[in-house]
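These notes concern the structure reproduced below.
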Amino acid sequence: MYQILTKEMLTPTICRMSVKAPRLAAAAQPGQFLIVRADEKGERIPLTISDFNAEQGSVTIVTQKIGASSADIIAYEPGEAFADVVGPLGLPSEFVNMPPEKLARQRYILIAGGVGTAPVYPQAKWLKEHGVPVDVIIGAKTKDLLIYVEEMRPVCDNLFICTDDGSAGFKGMGTNMLEKVVSDGHSYTQAVIIGPMIMMKFTTLTCRKLGIPAIVSLNTLMVDGTGMCGACRVSVGGKTRFACVEGPEFDGYEVDFDEAMRRQGQYKTEEAETNEKHVCKIGRGR
Amino acid sequence: MANKIPRVPVREQDPKVRATNFDEVCYGYDKEEALLEASRCLNCRNPRCMTACPVGLQIPRFIAELAAGNIAGAAAVIAEDSSLPAVCGRVCPQETQCEGSCVLGVKGEPVAIGKLERFVADYSRELAGSSPLETSGSDMAAAGNQPSETVAARGLVNGGDPLRSGGGDERGEVSEGCVTRCRRKVAVIGSGPAGLACASDLAKWGYDVTIFEALHKAGGVLEYGIPEFRLPKEKVLRHEIDDVRKLGVKIETNVIVGRTITIDSLMDKEGFEAVFIGTGAGLPKFMNIPGENLCGVFSANEFLTRNNLMKAWREDYLTPIHAGKKVCVVGGGNVAMDAARTALRLGAEVHIVYRRTEAELPARREEVHHAAQEGIIFDMLTNPVEVIGDEKGWVKALKCIRMELGEPDESGRRSPVPIAGSEFEIPTETVIMALGTSPNPLISKTTQGLETNRRGCLVASEEGATTRPGVFAGGDAVTGAATVILAMGAGRTAARAIDAYLKQKS
């Protein structure tokens, strides 16, 4: 069992938890993810790792309430435990294993959308610790949905905030923010985009327009996360790749986002039925 | 004479009924039937059945105990060589192994060895479950139902020679055994048939064995691959895995070797002196035809894992699964049959699409027979060339081409040749690819000095030694996808090699 050590709601629907998982915490690297199964009857839910602490043996996860399974995860309280937490899964971000002389020439812009801001944090932290110039854009629909703003400041050189409705920071989407930042004179050798699939698609298009190479982190469907089921397959450069073991990060220019979005919604009908039937029993009456 | 008795038929769930539920298809023998069937065994002096068994089960010996009414004794004989008798009795291809070699089969029907093995295991388990007091007797103890301390002690005595030597110098081995075996740590990667068999033997000999399992439940393919209606999970599989635990084997789930830890960290930091890799062949193959990434195209692995490991067939589990009204399963092996019969039970009309004829289907005869009985439609000499999608990106048809059999290929089977211009479409909602699997490269990619061949299989000697000292492997990870019992045999062979390696090392 994997005990929940701390829990806080970052927004009414986004929850941050630190969970005891010593082996995982000791092995995790930026860019990797994990799988949580809340209880015996729950699904295996892939979640990004937003921090890890080998000494404490803990990992931090950020979950947004979407369906029955994510609602179950959020319902857990400190002291309780998840049935299963497994990882780290996937490959670390490209920069983790980059030769130092190449790394020294990089200037990163990390572009985060919504709950995708959480996994950007360990990437920015790693780059900052290794002396690599790194700017971060955090975008959200509205001010109340912004997360990780204060956490991000110390781990990047410039932090740019934008909201669709202008309630905080620049008014506009991440794509508009990126164009503005570049027109203001900032230049980058590499963008990393993490957020909803549609946001990654359009931000990649903007990056292409601006001539910035773009890496995206794909949150595909998965069951085992070890290459066994193939639910996560995506077309990258016309080839089928498994996001769980060959990703989750791929060259955004090469990803077939439209196919990826369709595949992501494959179980929508079944899930809608489940959500209707499902009565969350976790954390009630205790 | 004993062999005048015809083979006792086994009772099965009615095909029409079972096509709508996930309860076990075969009911197995009751005590009376089992004893009658056991009485057919000739107890040959040269038991060919035993030679044909990959784990060397002492078949005539256990059947003789059973025929004499000593079921606990029969269980004890089986336990000497197998920790998974209720599993093997159900899923082994006996027709090509023990039963295929039975002398009675020359002129008539072979002894139903598999069904007898299953009966002994089921009977012992149910007895143990219903009245624990009765099972604490000495004969049941040897069947693996006793606390681990007694097993460890017994293991040291009985396990003197990994190969039954007839008990020549067992006494000498006891003290020597403790020095060379006690508390020495061996890691087993993967809790499928190979890993469980290897771990069981090593634990019986006194080694400190930990199995690392990537999924949240132990069992490997027995858990995620084989459906409930062929191998009940809670009733049968859990119990046999618990028996392995009772031998003193520790099982750590949710540990992915190659991600969470590595073979290097196990050996250098955690003090494991030897490692056995029994990670199976978990990587699904696809056909690489157009449309394969459309919504509604699944690997058999995904479909079966959702249903078996994640229990999508049960209302009270959250796991979604998609079958729809009509399903095409591509492939002709046991996995294809399992996927097809699962989709049928979820309510679909199911077609097996296979490029050769029924005679070449690689699946067990019994599985094909059961599938046909249940109403699976076999579209033979048919090969998919494209998956056709609708405007929303979902499957709407499988485009196939008719095949004919040509010259025999290197496997001796006549190879299928497409008939030009014979393309046609099968309208379908779902396509399940059951084309076989290959070993997962997670470990070979993250371990220095481990060689693999062109098919991605680990290179290992007949004894299971890999190209890296102290690291052994067996089962599907070495051979590519094969059977449960061959994997168990390889696990046992590697256990002996690990024992020899560690004795020599110390």
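The figures that follow rest on heavy atoms only: side chains count, while hydrogens, waters and symmetry mates do not. In what follows, chains carry the letters A, B, and so on, assigned in the order in which the sequence lines appear, proteins first and then strands, with residues in each chain numbered from 1.
With Pro320(B) as the fixed residue, the side-chain contact (heavy atoms from CB on, under 4.5 Å) test singles out one of Lys268(A), Glu43(A), Gln266(A): Glu43(A).
Between Ala68(A) and Leu318(B) the shortest heavy-atom distance is CB-CD2, 4.2 Å.
Residues of residues 215-224 of chain A placed with any heavy atom under 4.5 Å of a heavy atom in chain B are listed by number as Val223(A), Asp224(A). For residues 240-253 of chain A, the interface with chain B (any heavy-atom pair closer than 4.5 Å) comprises Thr240(A), Phe242(A), Val245(A), sorted by residue number.
In this structure Trp394(B) satisfies the ring pair (Phe, Tyr, Trp, His ring centres under 6.0 Å) test together with His322(B), sequence neighbours excluded.
A cation-pi arrangement is present between Arg306(B) and Tyr267(A) under the rule of less than 6.0 angstrom and at most 45 degrees off the ring axis.
Salt-bridge annotation for Glu40(A) and Lys217(B): present, with a side-chain N of the basic residue lying under 4.0 Å from a carboxylate O of the acidic one.
A distance of 11.5 Å separates CG in Leu24(A) from CD1 in Ile261(B), rounded to the nearest 0.5 Å. The CZ atom of Phe303(B) sits 13.5 Å away from atom SG of Cys229(A), with the distance rounded to the nearest 0.5 Å. Taken to the nearest 0.5 Å, the CG atom of Leu294(B) stands 7.5 Å off from the CD atom of Glu259(A).
Only the side chain of Leu442(B) has a heavy atom closer than 4.5 Å to any heavy atom of chain A.
Residue Glu129(A) qualifies as enclosed at atom CD: its count of foreign heavy atoms under 6.0 Å is above 12. In Lys396(B), the NZ atom is not crowded: 12 or fewer heavy atoms of neighbouring residues, nucleotides or ligands sit closer than 6.0 Å.
Legend: salt bridge (charged side-chain N to carboxylate O under 4.0 Å, His left out) pairs involving residues 52-70 of chain A, not counting sequence neighbours: none detected.
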